[in-house]
Amino acid sequence: MSLLPILRYPDARLHKIAKPVAVVDDRIRRLVDDMFETMYASRGIGLAATQVDVHERVIVIDVSEDRSDPLVLINPKLVAVSDEMMVGDEGCLSVPTIYDKVERHARVTVEALDRDGRTCHVEAEDLLAVCVQHEMDHLMGKVFVEYLSPLKRNRIRSKMLKRSRDDESVA
């Protein structure tokens, strides 16, 4: 396994739409393993392949406190969403240290393939439901800051560009 570099907002590659995975093979399983390692090392709870510059429909999630409940969603599709909405602070590994309120469905049902290519259905609520929706947005080329006002989004963009320049001058 290896750590993968995470793209940082406003990198244009974060806006690419991911293509469906044709076959769940050793390459995809290796990607899943590397994504989990990267997510855990970055202290995240979810990671979409888009964020590591692989534009295929693969998501890894683990919202458990002790990192004991890994979830793999390959070619995920939302098959049901609740009418009930919830608002919570969201953050993103591609937009580090930035958090803001986003409205999401409180419950979702997802159909996907698991790590072995078997069809699975996941009923998610609360934090897991938010995480699933957030990561699925990444597969559609959308970053959570796009839910924010243009003013906030531009401030975040400027802050991230400055941070990127500062990082480059140190390296």
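Expressed to the nearest 0.5 Å, how far CG of Asp33 lies from CD1 of Ile28 amounts to 11.5 Å. Within the model, atoms CD1 of Ile17 and CG of Leu139 stand 10.5 Å from one another, a figure rounded to the nearest 0.5 Å. Note that CG of Leu7 and OG of Ser94 are 6.0 Å apart. Values are rounded to the nearest 0.5 Å. Note: Met160 CE to Asp11 CG = 10.5 Å, rounded to the nearest 0.5 Å. Taken to the nearest 0.5 Å, the CG atom of Asp83 stands 8.5 Å off from the NE2 atom of His105. Residue Ser149 holds its OG atom at 8.0 Å from CG of Asp100, rounded to the nearest 0.5 Å.
The hydrophobic clustering, which links ILVMFWY residues whose side-chain heavy atoms are closer than 4.5 Å, places Val110 and Ile74 apart.
The closest side-chain heavy-atom distance from Ile45 to Asp62 is not below 4.5 Å. Considering only heavy atoms from C-beta on, Pro96 comes within 4.5 Å of Arg8 through its side chain. The closest side-chain heavy-atom distance from Pro70 to Arg115 is not below 4.5 Å. When side chains are defined from C-beta on, Leu73 does not count as touching Val58, because their heavy atoms never get closer than 4.5 Å. Looking at heavy atoms from C-beta onward, Leu71 lies in side-chain contact with Val122 at the 4.5 angstrom threshold. The shortest distance between side-chain heavy atoms of Met35 and Arg30 does not fall below 4.5 Å. Contact of the Leu148 side chain with the Ile156 side chain is registered, since non-hydrogen atoms from C-beta on lie closer than 4.5 Å. Within the 4.5 Å cutoff, no side-chain heavy atoms of Val87 are placed close to those of Val102.
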- Query: Where do Glu146 and Lys152 land on the salt bridge (Lys or Arg N to Asp or Glu O under 4.0 Å) test, with the steps shown first?
  - Reply: CA-CA 9 Å; Glu146 293 172 51; Lys152 280 186 176 181; over 6 Å; no

- Message: One pair to check against side chain to side chain contact (heavy atoms under 4.5 Å, CB included): Leu161 and Arg165. What are the steps and the verdict?
- Response: CA-CA 6 Å; Leu161 288 170; Arg165 283 192 301 273; 3.8 Å; yes

- Message: Go through it in stages, so that I can follow the logic: the residues are Glu111 and Lys77, the test is salt bridge (Lys or Arg N to Asp or Glu O under 4.0 Å), and I'd like the CA-CA distance, side-chain angles, deciding distance and then a yes or no.
- Response: CA-CA 5 Å; Glu111 179 181 286; Lys77 288 184 289 208; 3.4 Å; yes

- Message: Go through it in stages, so that I can follow the logic: the residues are His15 and Met140, the test is side chain to side chain contact (heavy atoms under 4.5 Å, CB included), and I'd like the CA-CA distance, side-chain angles, deciding distance and then a yes or no.
- Response: CA-CA 7 Å; His15 298 291; Met140 298 307 298; over 6 Å; no

- Could you give me the CA-CA distance, side-chain angles and deciding distance for Val63 and Asp69, then say whether side chain to side chain contact (heavy atoms under 4.5 Å, CB included) is met? CA-CA 7 Å; Val63 296; Asp69 197 16; 5.8 Å; no

- side chain to side chain contact (heavy atoms under 4.5 Å, CB included) evaluation trace for Val52 with Leu47: CA-CA 8 Å; Val52 294; Leu47 187 66; 4.0 Å; yes

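Under a 4.0 Å N-O distance rule, the pair Lys162/Asp166 qualifies as a salt bridge. Using a cut-off of 4.0 Å between Lys/Arg side-chain N and Asp/Glu carboxylate O, Arg104 and Asp137 are scored as salt-bridged. The pair Arg13-Asp53 meets the salt-bridge criterion, with a side-chain N (NZ, NE, NH1 or NH2) lying under 4.0 Å from an Asp/Glu carboxylate O.
Between the side chain of Ser42 and the backbone N or O of Thr38 there is at least one donor-acceptor pair closer than 3.5 Å. Between the side chain of Asp26 and the backbone N or O of Arg29, no donor-acceptor pair lies under 3.5 Å. Ser82 places a side-chain N or O within 3.5 Å of a backbone atom of Ala106 that can act as its donor or acceptor partner. Of the possible donor and acceptor atoms, one in the side chain of Asn75 sits under 3.5 Å from a partner among the backbone N and O of Val21. Within the 3.5 Å criterion, the main-chain N or O of Leu14 finds no donor-acceptor partner in the side chain of Thr50. Proximity of a side-chain donor or acceptor of Arg107 to a complementary backbone N or O of Glu125 within less than 3.5 Å is not detected. Here the side chain of Asp116 pairs no donor or acceptor atom with the backbone of Arg118 at under 3.5 angstrom. The backbone N or O of Ser2 sits less than 3.5 Å from a side-chain atom of Asp34, completing a donor-acceptor pair. Side-chain atoms of Arg57 do not come within 3.5 Å of backbone N or O of Ala48 as any donor-acceptor pair.
Between Phe36 and Tyr40, the ring planes lie parallel to each other; the angle is under 30°, not in the 30° to 60° tilted range.
Cation-pi check for Lys142 over Tyr147 is met; the charged atom lies under 6.0 angstrom from the ring centroid and within 45 degrees of its normal.
In this model, a donor atom of one side chain and an acceptor atom of the other lie less than 3.5 Å apart for Thr97 and Arg163. Checking His134 against Glu90 by side-chain atom types alone, a donor-acceptor pair falls below 3.5 Å.
For Asp89, the CG atom is densely surrounded, since the number of other residues' heavy atoms within 6.0 Å is greater than 12. Crowding of Arg157 atom CZ: a count of heavy atoms from other residues, nucleotides or ligands under 6.0 Å not exceeding 12.
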